[in-house]
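Here's the structure we're looking at; comments come further down.
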Amino acid sequence: TIAGGFNQCLDWGITMENGRFGVSIRQPGGCSQTIVAPSTIVLGNWYHVVGTCDGLTARLYVNGQFVASGPVEPNYVGTATGTRIGSEVCCGGNTFPGYIDEVAIWNRPLTGAEVQARLAGPLGGNEPGLVGYWRFNEGQGSTTADASSQGRTGTLQNGVAWASIAPASAGEPGLLT
């Protein structure tokens, strides 16, 4: 799991399954399903991964490009058991084995043009519909600030560590791993 809520067949989020990025949803008339990208990831590369849902269709974008979609259960509401970044509530062992930087959660679907615009750099934190935005720039400590107007501070758990993987001139002291 990269980010989302996973529990009780009410899954939502971005995952990696068998070396492919995916978006997990509840399929019509069923339980959880992961819609996966057609290509496997290349280790050592950074990726920009976005999942959107308009209430009928979930879409997956990798590096700004639309790569997969699938139908969702009508009137589906994702689990309320909490949002996790890097792991999940329900299923032990599904921890993401890489670096994560900048997780944003919205209460509306992004358009393809908005997904592509996100590649240009960080958000301001006050964009319409933004309900959570964690940049992971603290570099130390056991929490990460929510840069959206919602103020949902994240608590680091289960042995995560900060890693400096950018030069000091980058202005970003650390990333969550």
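Taking CZ from Arg20 and CD1 from Ile41, the interatomic distance works out to 10.5 Å, rounded to the nearest 0.5 Å. Taking CH2 of Trp46 as the reference point, atom OH of Tyr99 lies at 8.0 Å (rounded to 0.5 Å).
No single ILVMFWY cluster, assembled from side-chain heavy atoms under 4.5 Å apart, contains both Leu130 and Trp134. Hydrophobic clustering of Ile, Leu, Val, Met, Phe, Trp and Tyr side chains at less than 4.5 Å, counting indirect connections, unites Ile100 with Val42. Transitive grouping of hydrophobic side chains (ILVMFWY, heavy atoms separated by less than 4.5 Å) brings Ile14 and Leu43 into a common cluster. Tracing side-chain contacts under 4.5 Å through hydrophobic residues (I, L, V, M, F, W, Y), one never reaches Trp12 starting from Val36; they form parts of separate clusters. By the criterion of side-chain heavy atoms lying less than 4.5 angstrom apart, applied directly or through intervening Ile, Leu, Val, Met, Phe, Trp or Tyr residues, Tyr61 is not grouped with Ile105; the two fall into different hydrophobic clusters.
Residue pairs satisfying the side chain to side chain donor-acceptor pair (under 3.5 Å) criterion with at least one member in residues 124-133, sequence neighbours excluded, are listed as follows: Glu102-Tyr133. A ring-ring contact (aromatic ring centres under 6.0 Å, His included) check over residues 104-128, counting only residues at least two apart or in different chains, returns nothing.
Minimum interatomic distance between Val115 and Leu110 (heavy atoms only, all atoms of both residues): CG2-CB, 4.1 Å. The two atoms that bring Ala68 and Phe66 nearest to each other are O-CE1, 3.2 Å, heavy atoms only. Closest approach of Val131 and Gln150 over heavy atoms only: O-CG, 3.2 Å. Listed here is the closest heavy atom pair of Phe136 and Asp101: CD1-CA, 4.0 Å. Contact record, Ile35 with Ala58: CD1-CB, 4.1 Å, taken as the closest heavy-atom pair.
With hydrogens and angles ignored, the 3.5 Å screen pairs no side-chain donor or acceptor of Gln116 with any backbone N or O of Gln65.
Among residues two or more places apart in sequence or in another chain, the side-chain hydrogen bond (donor to acceptor under 3.5 Å, both in side chains) test is passed with Arg152 by none. Applying the side chain to side chain contact (heavy atoms under 4.5 Å, CB included) criterion to Asn18, with sequence neighbours excluded, gives no partner residue. Evaluation of the salt bridge (Lys or Arg N to Asp or Glu O under 4.0 Å) rule for Glu114 yields Arg108 as partners, not counting sequence neighbours.
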I'd like a table of donor-acceptor pairs (distance under 3.5 Å, sequence neighbours excluded) in which one partner is a side-chain atom from residues 21-33, with atom names and distances.
{"residue": "Ser24", "atom": "OG", "partner": "Thr34", "partner atom": "OG1", "Å": "3.0"}
{"residue": "Arg26", "atom": "NE", "partner": "Gly30", "partner atom": "O", "Å": "2.9"}
{"residue": "Ser32", "atom": "OG", "partner": "Asp11", "partner atom": "OD2", "Å": "2.7"}

Donor-acceptor list for residues 48-56 side chains, cut-off 3.5 Å, not counting sequence neighbours:
{"residue": "Asp54", "atom": "OD1", "partner": "Leu56", "partner atom": "N", "Å": "2.9"}
{"residue": "Asp54", "atom": "OD1", "partner": "Thr57", "partner atom": "N", "Å": "2.8"}
{"residue": "Asp54", "atom": "OD2", "partner": "Arg59", "partner atom": "NH1", "Å": "3.3"}

